[in-house]
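In what follows, a structure is listed as structure tokens, so that the remarks can point back to it.
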Amino acid sequence: MPEGDTVYQAASRLRRALAGATLDHCDFRVPKLATIDLTGRRVGAVRSVGKHLFIDIDAADDGAPPSSIHSHLKMEGTWDVHRLGQRWRRPTFQARIILRANGYEAVGANLGILELTTDPDHCVAHLGPDLLADDWDRAEALHRLAADPDRPVGLALLDQRVMAGVGNVYRSEICFLARTPPTRPVEQTNTEQIVDLARRLLWDNRNRPARSTTGQAAPHARTWVYGRAGRLCRRCATVIEQGRLSDTATDADRVVYYCPRCQR
């Protein structure tokens, strides 16, 4: 699943192409929105909130209220921006929405959520502090993380109600850097360290074309443990292991990677 930095970068691309421009073309390719046409409406802003992306549309001259195109990438979604007439990066049948303005074409493909809303704040009211927000609220994140002290930290990190933006890659990397097993209860971890690592890792990667938690840019050197099961730990040379953590509260059941020595 794309993580907060991926969505942040998608919003940045869309913002450069669409923000402040009037839509020349709008094509929703999902049944519930198929009759809606925002052509002629101005794009006021493009922004990300955790893993959610919003394209804010100004009020229309005919009195139609401001609205927002809300999308979530889920597992396979993408937002691509092309110069008008440029060949698409993905098959046309994957497109769920097409927006054209200012000589650009923005295509949302395989989006897990796509809706038009007049109340965008309601869509993200359940989220914890956004790790990539300029007004990042560290104290609130610490409060939410500590609210369930018996919960394994590896599950708490994936809960967007605690902090918005962490996915499976960062979950594994944060636990490794904190030398904490993902199964350890929150109350037995250094929560300040966990929260600060989450903020720093996402913030440092928000504009990187290739995510890296090690500081290395080479394709096979960018993570400490994620995706490296069966390989040697970069720190102690112990074999990296993988397991699964299931959480009925968030419907999360994903592989987690860890070093059994560094994270004892």
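Keep in mind that the numbers below use all heavy atoms, side chains included, and drop hydrogens, waters and symmetry copies.
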task = Check whether any side-chain heavy atom of P66 lies under 4.5 Å from a side-chain heavy atom of I57, and answer yes or no.
result = no

task = Could I get the full list of side chain to side chain donor-acceptor pair (under 3.5 Å) partners for D56, not counting sequence neighbours?
result = R47, S68

query = For the side chain of K51 and the backbone of T6, is there at least one donor-acceptor N/O pair under 3.5 Å apart?
reply = no

message = Looking at every non-hydrogen atom in both residues, tell me the closest pair between Q160 and G165 and how far apart they are.
response = OE1-N, 2.8 Å

query = With a 4.5 Å limit on heavy-atom distance, are the side chains of L157 and L155 in contact?
reply = no

request  = Ignoring hydrogens and angles, state whether a donor on the side chain of T78 or R90 is under 3.5 Å from an acceptor on the partner side chain.
outcome  = yes

inquiry  = According to ring-ring contact (aromatic ring centres under 6.0 Å, His included), does anything in residues 176-200 pair up with another residue at least two apart or in another chain? List the pairs.
reply    = F176-W224

ask   = Can you tell me if Q263 uses its side chain to pair, donor with acceptor, with the backbone of T180 under 3.5 Å?
value = yes

ask   = Can you pull the ring-ring contact (aromatic ring centres under 6.0 Å, His included) pairs that have at least one residue in residues 125-170, sequence neighbours excluded?
value = none

message = According to salt bridge (charged side-chain N to carboxylate O under 4.0 Å, His left out), who are the partners of D58, at least two apart in sequence or on a separate chain?
response = R42

Donor-acceptor pair, side chain of Q9 and main chain of P209, under 3.5 angstrom = no

ask   = Do the non-hydrogen side-chain atoms of V239 and R231 ever get within less than 4.5 Å of each other?
value = no

task = Can you sort out the partners of D5 under salt bridge (charged side-chain N to carboxylate O under 4.0 Å, His left out), two or more places apart, ordered by chain and number?
result = R211

inquiry  = Does the Lys NZ or Arg CZ of R206 fall within the cation-pi geometry relative to W203 - under 6.0 Å from the ring centre and within 45° of the axis?
reply    = yes

message = Measuring from atom CD1 of I194 to atom CE of M163, what distance do you get when rounded to the nearest 0.5 angstrom?
response = 8.0 Å

ask   = Is the number of heavy atoms from other residues, nucleotides or ligands under 6.0 Å of R89 CZ greater than 12?
value = yes

Contacts under 3.5 angstrom, residues 100-108 side chains, donor-acceptor by atom type, not counting sequence neighbours:
{"from": "R100", "atom 1": "NE", "to": "E105", "atom 2": "OE2", "distance (Å)": "2.5"}
{"from": "R100", "atom 1": "NH2", "to": "E105", "atom 2": "OE2", "distance (Å)": "3.0"}
{"from": "Y104", "atom 1": "OH", "to": "R83", "atom 2": "NH2", "distance (Å)": "3.1"}
{"from": "E105", "atom 1": "OE1", "to": "W88", "atom 2": "NE1", "distance (Å)": "2.9"}

inquiry  = Quick one, C123 with T117, criterion side chain to side chain contact (heavy atoms under 4.5 Å, CB included). Give me CA distance, side-chain angles, the key distance, then yes/no.
reply    = CA-CA 9 Å; C123 301; T117 177; 4.0 Å; yes

ask   = How far does OG1 of T35 sit from CG of L33, to the nearest 0.5 angstrom?
value = 8.0 Å

key: Co-members of the apolar cluster containing F93 [side chain, <4.5 Å]   = none

message = Going by ring-ring contact (aromatic ring centres under 6.0 Å, His included), name the residues that satisfy it together with F28, two or more places apart in sequence or in a different chain.
response = none

ask   = Looking only at heavy atoms, what is the nearest atom pair of R151 and V162, with distance?
value = NH1-CG2, 4.5 Å

ask   = How many angstroms lie between atom CG of L14 and atom OG of S71, to the nearest 0.5 angstrom?
value = 8.0 Å

inquiry  = According to side chain to side chain donor-acceptor pair (under 3.5 Å), does anything in residues 12-29 pair up with another residue at least two apart or in another chain? List the pairs.
reply    = D27-R29

request  = Indicate the atoms forming the closest heavy-atom contact of I240 with C259, along with that distance.
outcome  = CD1-CB, 3.8 Å

task = Could you please spell out the steps behind the side-chain hydrogen bond (donor to acceptor under 3.5 Å, both in side chains) verdict for T39 and D37?
result = CA-CA 6 Å; T39 300; D37 187 2; 2.6 Å; yes

key: Non-hydrogen side-chain atoms of S172 and Y258 separated by less than 4.5 Å   = no

key: Criterion side chain to side chain contact (heavy atoms under 4.5 Å, CB included) on L99 and V43, from CA distance to verdict   = CA-CA 10 Å; L99 301 172; V43 177; over 6 Å; no

message = Keeping E3 on the side-chain end and N168 on the backbone end, is there a donor-acceptor pair under 3.5 Å?
response = yes

inquiry  = What verdict does the side chain to side chain contact (heavy atoms under 4.5 Å, CB included) test give for L232 and R234, after you've listed the backbone C-alpha separation in whole Å, the side-chain angles of each residue and the deciding distance to 0.1 Å?
reply    = CA-CA 6 Å; L232 299 184; R234 303 188 194 279; over 6 Å; no

request  = Could you walk me through whether D150 and V186 pass the side chain to side chain contact (heavy atoms under 4.5 Å, CB included) test, one step at a time?
outcome  = CA-CA 6 Å; D150 296 327; V186 167; over 6 Å; no

task = Scan L142, N190, L131 and name whichever one has a side chain to side chain contact (heavy atoms under 4.5 Å, CB included) with V195.
result = L142

task = With sequence neighbours excluded, tell me which residues meet salt bridge (charged side-chain N to carboxylate O under 4.0 Å, His left out) with E140.
result = R144

ask   = Considering all heavy atoms of both residues, which atom of R171 and which atom of G154 are nearest to each other, and what is their separation?
value = NH1-O, 2.6 Å

key: D61, CG atom: more than 12 neighbouring heavy atoms under 6.0 Å   = no

remark   = When rounded to the nearest 0.5 Å, the distance separating CG of D130 from CG of D137 is 11.5 Å

key: Shortest non-hydrogen contact between P152 and T183, atoms and distance   = CB-O, 3.8 Å

Side-chain ion pair, E115 and K32, N-O less than 4.0 Å = no

request  = Measure the shortest side-chain to side-chain distance between D80 and H82 over non-hydrogen atoms and say whether it is less than 4.5 angstrom.
outcome  = yes

query = How far does CD1 of I69 sit from CG of L111, to the nearest 0.5 angstrom?
reply = 10.5 Å

task = Determine whether more than 12 heavy atoms belonging to other residues, nucleotides or ligands lie under 6.0 Å from atom CZ of R264.
result = no

ask   = Got a sec, which pairs hit ring-ring contact (aromatic ring centres under 6.0 Å, His included) with one end in residues 29-58, sequence neighbours left out?
value = H52-H70, H52-H72, F54-H70

Closest non-hydrogen atom pair between R179 and C262, with its separation = CB-O, 3.4 Å

inquiry  = For a 4.5 angstrom cut-off between non-hydrogen side-chain atoms, does V153 reach C175?
reply    = yes

task = Report the residues that fulfil ring-ring contact (aromatic ring centres under 6.0 Å, His included) with Y257, sequence neighbours left out, ordered by chain and then residue number.
result = Y226

ask   = Do L202 and Y8 come close enough that some side-chain heavy atom pair is under 4.5 Å?
value = no

